[in-house]
Amino acid sequence: MKDGTVRTRFAPSPTGYLHIGGARTALFSWLHARHEGGAFILRVEDTDAQRSTKESSLQILKAMEWLGLEWDEGPIYQSQRLDIYRSYVQKLLDEGKAYWCECTPEELEAKRKTALEKGEKPKYDLTCRSKGLGPGPGRVVRMALPSSGFTSFDDMIKGRISVDNAELDDFILLRSDGMPTYNLVVVIDDALMNITHVIRGDDHVNNTPRQVLIYEALQFDLPCFAHVPMILGSDKTRLSKRHGATSVTAYKDMGYLPEALVNYLVRLSWSHGDQEIFSRQELIDLFDIRDVGKSAAVFNPEKLLWLNHHYIKTGDPDRLARLLPDFLTARGYPVPDHSYIRRVIVDVRERTKTLEEIVDFGDFYFIDREPPAELKESFFKPELLQPFRMLIERIENLDLSEKTAVEGAVKSLLDETGIKFKVLAQPMRVALTGKTVSPGIFEVLATLGTERAVGRLKRALAYMEQKSENT
RNA sequence: GGUCCCAUCGUCUAGUGGCCCAGGACACCGGCCUCUCACGCCGGAGACAGGGGUUCGACUCCCCUUGGGACUACCA
């Protein structure tokens, strides 16, 4: 255990986009640092030269920013710290705690296969352990592990975990291409960066004993470990593309709000009584890594949607309005001015769960399209001709944003003609929106404005006139 | 196969030996509200994997079984 200020880190490998699971691990790590008033460090684990890409790193950083998981140090790239790792490998070599190995991947693979066939544990058979080899082409450095005893550690989430050293084998520290491996670099960096709390996915639990052995060999202080449960797909297997979108960026593009994703993710394996909605500050105040549960959670897109809807409904309309243009453009719609978008959002937000849905559900606010033929056919009946004519006459000189005036005008029309609003409402809705489902008629009228609204009503009227002439 | 981990409604979870014939949320069903659809409100159905212990008393503690997951790479 370390004392002093808390320091946590998130250490993604840039081999793809930021995954939902990784995002939650990052969130927990970030929350723990913020809760404790400590520092959050971002470190890019790109020691796999084959699979790591610069684009991935950039994508991940952008996703982190979008989520609001700001880091205090970094990003630190491991690929730029190779000399450091090699010097520690040399130290282990010098102290006889590691050794060179000339076994080829092919030989190893063959041995693994036969061991498996014989029902034995496929671990390295120590062929080169006592050969006293030096460096050479194709050679790797292996850690020399004790063959007896137990290695254990206390996990803040899982409790004490203990493994028989006989289960571990002399794993590789330095690859034949000179690149260090994960288990080595993660220990060196966490130690050198004074990470006090290693918070990561529990798929790393089995690696931890190996790392503990490295900490001991290098005489580093052990950090606190907290292995957070995995996020599973609906079939309880590791969450993957098969289950739908898994990247943070995909949710952003589908019109999800970062606070919704954060709120959803934090409730996976963590809770605070019966509370479901958490502001960022509440999370920082309330989050305790020790309250994280032990079992895996299934990702439930429906609940995420519900949360997103909650934040759409309650969010600042101005901010939402600023986010909308991207989605408008994506649909090929023109981008109206801010105050218009803002009014649209207030109109539709109760019935739209994502920013994308705002655009789709409220498309008629942005583009002018004639209602589909079948709707015109069933709603623009000739008997409505007169009421529509009166309606237009009475509102075309009104400011439609004066809702009480408009409602008054419609009401007097209803009183005089004796028809029910129910009868007039749907045809009006179809004329105005081209749909049978929309926000309230008076809201639509107000937002659309006199010119647009009356224009569409007149178009419906023309259809009725034409129809009555033909019959 | 071996090792490690996990196990409350379909899902996320509350529950830390009696407050629980188990609470909340999403989804689902019904009703109310109503210009459509939503929102909102009210109500409903729905779980302690199984078996042994421990205990006056187990969802809560222990063991076994079953089920699930992770790891077992010159990936991280």
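Throughout, protein chains are lettered first and strands after them, A, B, ... in sequence-line order, and every chain is numbered starting at 1. All values below were derived from every heavy atom in this structure, side-chain atoms included, with hydrogens, water molecules and symmetry-related copies excluded.
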Got a salt bridge between A/Arg242 and A/Asp235, using NZ or NE/NH1/NH2 to carboxylate O under 4.0 Å?
yes
Please classify the nucleic acid contact of A/Pro229 as base, sugar-phosphate, or nothing, using heavy-atom distances under 4.0 Å.
nothing
Between the base of B/C35 and the side chain of A/Arg429, is one N or O donor paired with an acceptor at under 3.5 angstrom?
yes
Within this structure, what is the CG-to-C1' distance between A/Asp291 and B/G15, rounded to whole angstrom?
13 Å
Between A/Lys97 and A/Glu216, does any side-chain N to carboxylate O distance fall below 4.0 Å?
no
d(CG, A/Leu232; P, B/A70) in whole Å
7 Å
Interatomic distance at C1', B/A58 relative to B/G18, whole Å:
9 Å
Residues A/Arg351 and A/Glu357 bridged, charged N to O under 4.0 Å:
no
Under-4.0 Å side-chain N/O to phosphate OP1/OP2 contact, A/Ser271 with B/A14
yes
Calculate the interatomic distance between A/Met230 atom CE and B/C5 atom P; express it in whole Å.
16 Å
Please give the distance between the P atoms of B/G51 and B/G44 as a whole number of Å.
30 Å
Determine the interatomic distance between P on B/C20 and the same-named atom on B/U11; round to the nearest Å.
25 Å
So, is A/Arg112 close to the B/G2 phosphate, meaning a side-chain N or O under 4.0 Å from OP1 or OP2?
no
Gap in Å between the two C1' atoms, one belonging to B/A45 and one to B/A38, rounded:
24 Å
When the distance from CD1 of A/Ile172 to P of B/C74 is rounded to whole Å, what number comes out?
4 Å
Go through the N and O atoms of the side chain of A/Ser438 and the base of B/C37, and report whether any donor-acceptor pair is under 3.5 Å.
no
How would you label the contact of A/Ser162 with the nucleic acid (heavy atoms, under 4.0 Å): base, sugar-phosphate, or nothing?
sugar-phosphate
How many Å lie between CH2 on A/Trp306 and C1' on B/C26, as a whole number?
7 Å
Under 4.0 Å, heavy atoms only, any strand: does A/Cys101 hit a base, just the sugar-phosphate, or nothing?
nothing
Given that both distances must come in under 3.5 Å, which nucleotide forms a Watson-Crick or G-U wobble pair with B/C61?
B/G53
Under 4.0 Å: is that the gap between some side-chain N or O of A/Lys303 and OP1 or OP2 of B/U11?
no
Closest to the A/Asp274 side chain, choosing from B/C26, B/A76, B/A14
B/A14
Side chain of A/Lys158, heavy atoms from C-beta onward: which of B/C5, B/A73, B/A27 has the nearest atom to it?
B/C5
Check every atom of B/U3, B/A76, B/U72 against the side chain of A/Pro122 and return the nucleotide holding the closest atom.
B/U72
Under 4.0 Å between any heavy atoms, over every strand shown, what does A/Arg210 touch: base, sugar-phosphate, or nothing? Just pick one.
sugar-phosphate
Taking only the P atom of each, what is the distance from B/C62 to B/C6 in whole angstrom?
11 Å
note: A/Lys403, atom NZ; B/C35, atom C1'; distance rounded to Å ~ 12 Å
Of the listed nucleotides B/U3, B/A27, B/A76, the one nearest the side chain of A/Val163
B/U3
Name the nucleic acid region contacted by A/Asn207, choosing base, sugar-phosphate or nothing; use a 4.0 angstrom heavy-atom cut-off, strictly under.
base
A/Glu45 near the nucleic acid: base, sugar-phosphate alone, or nothing, with a heavy-atom cut-off under 4.0 Å?
sugar-phosphate
Given that A/Lys121 and A/Leu268 both sit by RNA chain B, which one's nearest nucleotide is further toward the 5' end?
A/Lys121
Please figure out whether A/Leu108 or A/Leu116 has its closest RNA chain B nucleotide nearer the 5' end.
A/Leu116
Paired with B/U66 by Watson-Crick or G-U wobble geometry, both distances under 3.5 Å: which nucleotide is it?
B/A7
A/Arg160, CZ atom: more than 12 neighbouring heavy atoms under 6.0 Å:
yes
Walk me through whether A/Glu443 and A/Lys403 qualify under salt bridge (charged side-chain N to carboxylate O under 4.0 Å, His left out).
CA-CA 8 Å; A/Glu443 284 72 37; A/Lys403 270 171 73 178; 2.4 Å; yes
Once you apply a heavy-atom cut-off of 4.0 Å, does A/Ser234 come out as touching a base, just sugar-phosphate, or nothing?
nothing
Would you tell me if any nitrogen or oxygen in the side chain of A/Thr15 comes within less than 4.0 Å of OP1 or OP2 on B/A76?
no
Taking B/C6, B/A70, B/A76 as options, the one with an atom nearest any side-chain atom of A/Tyr182 is B/A76
Identify which nucleotide among B/U3, B/C35, B/A76 has an atom closest to any side-chain atom of A/Ile441, counting heavy atoms from C-beta outward.
B/C35
It should be established whether A/Lys236 places a side-chain nitrogen or oxygen under 4.0 Å from OP1 or OP2 of nucleotide B/G67.
no
Starting at atom NZ of A/Lys420, determine the distance to atom P of B/U36, rounded to an integer number of angstrom.
13 Å
Would you call A/Lys54 and A/Asp46 a salt bridge, using N to O less than 4.0 angstrom?
no
Identified pairing partner of B/C21, criterion: Watson-Crick or G-U wobble below 3.5 Å
none
Check this for me, if you would: do A/Arg394 and A/Glu416 make a salt bridge, where the nitrogen-to-carboxylate-oxygen distance has to be below 4.0 angstrom?
yes
Using a 4.0 Å heavy-atom cut-off across all strands, classify A/Val205 as base, sugar-phosphate, or nothing.
sugar-phosphate
Is there a side-chain polar atom (N or O) of A/Lys422 under 4.0 Å from OP1 or OP2 of B/U36?
yes
Could you tell me whether the side chain of A/Glu350 has a donor or acceptor atom within less than 3.5 Å of a complementary atom in the base of B/G40?
no
Whether A/Asp415 and A/Lys411 form a salt bridge (side-chain N of Lys/Arg under 4.0 Å from carboxylate O of Asp/Glu) is what I want to check.
yes
Please pick, from B/C26, B/U36, B/C5, the nucleotide with the shortest atom-to-atom distance to any side-chain atom of A/Ile161.
B/C5
Candidate nucleotides B/A76, B/A70, B/C12, ranked by approach to the side chain of A/Arg238 - the nearest
B/A70
Are more than 12 heavy atoms, taken from residues, nucleotides or ligands other than A/Lys313, located less than 6.0 Å from that residue's NZ atom?
yes
Sugar-phosphate, base or nothing in reach of A/Lys313, heavy atoms under 4.0 Å:
sugar-phosphate
Could you check which of B/C26, B/C6, B/C35 has an atom nearest any side-chain atom of A/Gln426?
B/C35
Does A/Asn183 get its side chain close enough to the base of B/A76, under 3.5 Å, for a donor-acceptor pair?
no
Could you give the distance separating B/G10 and B/G53 at their P atoms, to the nearest angstrom?
28 Å
Taking only Lys NZ, Arg NE, NH1 and NH2, and the carboxylate oxygens of Asp or Glu, determine whether A/Asp190 and A/Arg9 approach each other closer than 4.0 Å.
yes
Length of the line joining A/Lys294:NZ and B/C4:C1', which is rounded to integer Å:
13 Å
Ranking B/G69, B/A76, B/U36 by distance to the side chain of A/His204, first place goes to B/A76
Could you work out the separation of B/C29 and B/C9 based on their C1' atoms and round it to a whole Å?
15 Å
Do the side chain of A/Asn206 and the base of B/A70 come within less than 3.5 angstrom through a donor-acceptor pair of N or O atoms?
yes
Nucleotide opposite B/C41 in a Watson-Crick or G-U pair, distances under 3.5 Å:
B/G31
Does B/U16 have a Watson-Crick or wobble partner in any strand here, with both distances under 3.5 angstrom, and which is it?
none
